[in-house]
2 protein chains.
Amino acid sequence: MSRPRAKLTNTFPGCPVESALSFIDGKWKGVILYHLMTEGTLRFNELRRRVPSVTQRMLTKQLRELEEAGLLSRTVFPVVPPRVDYALTSRGESLRPVIMALKAWGDKNVLCDGERMTLKPLKAKSQVESENA
Amino acid sequence: MSRPRAKLTNTFPGCPVESALSFIDGKWKGVILYHLMTEGTLRFNELRRRVPSVTQRMLTKQLRELEEAGLLSRTVFPVVPPRVDYALTSRGESLRPVIMALKAWGDKNVLCDGERMTLKPLKAKSQVESENA
DNA sequence: GCCTATAGTGTCGAAAAGGATACTGTCCAT
DNA sequence: ATGGACAGTATCCTTTTCGACACTATAGGC
């Protein structure tokens with residue numbers, strides 16, 4: 001397969017997994033979708049503030065790709081200073097189970113401590129039970 | 001964020017989404033996990049046959065990364081010809097909801113027709129109802 | 001004696017992705 | 001008159017990813 005990932009499309013079982021992944025591939029798409037899902041429509045700089053480490057250029061790029069993929073809509077208001085709203089389309093909304101599964105897995109398995117990303121230890125069943133008790 | 005994606009780890013809401021994504025990032029990890037989830041333990045060449053377009057070198061690389069991440073185990077049998085089994089660990093198994101959500105989304109939204117990957121049209125509610133009738 | 005299967009490794013190069021930095025233009029508040 | 005907020009572009013450069021291809025070693029079958 002010498003095609004870029006976004007154009008990956010051989011037919012084989014499991015291909016749907018890859019093609020779905022290709023839509024949220026890109027360093028920031030996951031977070032962008034997550035914020036739009038949990039907070040609703042957001043403006044460019046609102047997104048920027050929520051994803052502090054993305055550069056302007058990358059945020060623009062990822063948003064354009066998501067728009068092209070039909071996952072979000074971009075609404076420009078002809079006012080000054082400029083105003084641009086980003087909102088999920090219904091196809092974007094349909095990704096909610098995926099994003100939320102990722103979020104749940106990340107919450108359970110990863111420690112985002114600000115310096116390193118570390119895996120949380122797996123819990124034995126007894127530990128889980130005592131926590132839920 | 002000038003770190004590679006695998007080391008992405010700033011603290012912000014939505015970070016769990018990104019860090020979860022970093023585990024299945026890589027052009028073939030999704031499919032590999034999918035096949036191990038649906039078929040159980042597989043040998044190197046069995047995986048290769050299930051993912052026809054991956055090269056040997058890339059399959060090896062992705063498998064090693066998944067192993068390092070603790071998502072699968074690699075068992076070498078000292079026989080000749082060589083035999084190496086790949087199986088999900090329990091942490092790998094814990095990704096099942098994620099992979100299955102991706103699979104479901106892909107099935108519903110993408111047409112893998114072997115030449116192009118195209119988005120299926122969104123269904124109006126009435127259409128869905130008549131299909132389920 | 002040659003081919004096949006097994007599970008890789010090594011090297012090379014192209015392409016894609018991502019980051020740093022500087023720049024645009026208008027309005028408003030200070 | 002200076003600076004900031006807004007939503008971007010443009011240019012350049014580095015890093016990362018991926019693929020092609022060649023190569024390894026051993027046993028068994030024809």
Side-chain angles (χ1 to χ4, degrees), chain A residues 1-10 18 21-32 35-36 41-69 72-87, chain B residues 1-10 18 21-32 35-36 41-69 72-87:
Chain A
M1 189 155 323
S2 31
R3 274 161 284 181
R5 211 230 204 133
K7 286 173 191 158
L8 186 165
T9 166
N10 279 17
E18 271 309 311
L21 265 174
S22 74
F23 281 87
I24 51 177
D25 193 33
K27 202 165 168 183
W28 309 103
K29 300 218 181 86
V31 223
I32 292 172
H35 285 294
L36 292 177
T41 301
L42 290 171
R43 301 177 55 172
F44 187 81
N45 274 2
E46 290 175 331
L47 277 166
R48 225 153 68 102
R49 281 188 284 271
R50 275 154 185 82
V51 189
S53 39
V54 73
T55 62
Q56 236 169 350
R57 181 175 138 10
M58 279 313 294
L59 183 54
T60 306
K61 227 182 139 214
Q62 303 281 297
L63 286 168
R64 291 285 146 72
E65 288 176 22
L66 287 168
E67 188 195 2
E68 206 183 343
L72 54 79
S73 65
R74 177 167 175 273
T75 313
V76 182
F77 297 87
V79 296
V80 60
R83 171 176 172 188
V84 180
D85 281 2
Y86 291 93
Chain B
M1 190 154 322
S2 32
R3 274 160 285 181
R5 212 228 206 137
K7 287 173 191 158
L8 186 165
T9 167
N10 279 17
E18 271 309 312
L21 265 174
S22 74
F23 281 86
I24 52 178
D25 192 34
K27 201 165 167 183
W28 309 104
K29 300 220 181 87
V31 222
I32 292 171
H35 285 293
L36 292 176
T41 302
L42 290 172
R43 299 177 55 173
F44 186 82
N45 274 2
E46 290 175 332
L47 278 165
R48 230 159 62 106
R49 281 188 285 270
R50 276 154 185 82
V51 189
S53 39
V54 74
T55 63
Q56 235 169 354
R57 185 181 164 298
M58 278 313 292
L59 183 54
T60 305
K61 227 183 139 213
Q62 303 281 294
L63 285 169
R64 291 286 146 71
E65 288 175 23
L66 287 167
E67 189 195 0
E68 207 184 343
L72 54 79
S73 64
R74 177 168 174 272
T75 313
V76 182
F77 297 87
V79 296
V80 61
R83 171 175 173 188
V84 179
D85 281 3
Y86 291 93

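In what follows, chains carry the letters A, B, and so on, assigned in the order in which the sequence lines appear, proteins first and then strands, with residues in each chain numbered from 1. In this text the structure is predicted, and so the values were computed from the model without any measurement.
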(request) Could you tell me which residues satisfy side-chain hydrogen bond (donor to acceptor under 3.5 Å, both in side chains) with Glu65(A), sequence neighbours excluded, listed by chain and number? (result)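 For Glu65(A), the residues satisfying side-chain hydrogen bond (donor to acceptor under 3.5 Å, both in side chains) (neighbours in sequence not counted) are Lys29(A).
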Are any non-hydrogen side-chain atoms of [X] and [Y] less than 4.5 angstrom apart?
| X | Y | result |
| --- | --- | --- |
| Arg74(B) | Leu63(B) | no |
| Leu42(A) | Arg50(A) | yes |
| Thr41(A) | Thr75(A) | no |

(message) I need a per-nucleotide contact map over nucleotides 25-30 of chain D, read 5' to 3'. Cutoff is protein heavy atoms under 4.0 Å; write B for the base, S for backbone only, - otherwise.
(response) -BS---
What distance separates [X] [atom1] from [Y] [atom2], expressed to the nearest 0.5 Å?
| X | Y | atom1 | atom2 | answer |
| --- | --- | --- | --- | --- |
| Lys27(B) | Ile32(B) | NZ | CD1 | 12.5 Å |
| Leu47(A) | Tyr86(A) | CG | OH | 8.0 Å |
| Leu36(B) | Leu72(B) | CG | CG | 6.5 Å |

What integer distance in Å separates [X]:[atom1] from [N]:[atom2]?
| X | N | atom1 | atom2 | value |
| --- | --- | --- | --- | --- |
| Tyr86(B) | dG8(C) | OH | P | 4 Å |
| Arg74(B) | dA7(C) | CZ | P | 10 Å |
| Phe77(B) | dA5(C) | CZ | C1' | 18 Å |

(message) OP1 or OP2 of dC27(C) versus the side-chain N and O atoms of Arg83(A): is any pair under 4.0 Å?
(response)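 For Arg83(A), the contact criterion (side-chain N or O under 4.0 Å from OP1 or OP2 of dC27(C)) is not met.
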Which donor-acceptor pairs under 3.5 Å do the side chains of residues 77-84 of chain A make with protein atoms, sequence neighbours left out?
residue	atom	partner	partner atom	Å
Arg83(A)	NE	Asp85(A)	OD1	3.3
Arg83(A)	NH2	Asp85(A)	OD2	3.0

(request) List the atom of Leu66(A), the atom of Phe23(A), and the distance in Å for their closest heavy-atom pair. (result)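 Result for this residue pair: CD2-O, 4.1 Å.
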Would you give me the side-chain donor-acceptor pairs under 3.5 Å for residues 54-61 of chain B, sequence neighbours excluded?
residue	atom	partner	partner atom	Å
Thr55(B)	OG1	Met58(B)	N	3.3
Thr60(B)	OG1	Gln56(B)	O	2.9

(request) May I ask you to list the residues of residues 55-66 of chain B, by number, that have any heavy atom positioned under 4.0 Å from an atom of DNA chain C? (result)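 Those residues are Gln56(B), Arg57(B), Thr60(B), Arg64(B).
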(request) Please list residues of residues 41-48 of chain A whose heavy atoms come under 4.0 Å from any atom in DNA chain C, ordered by number; otherwise none. (result)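 Here the set is empty: none.
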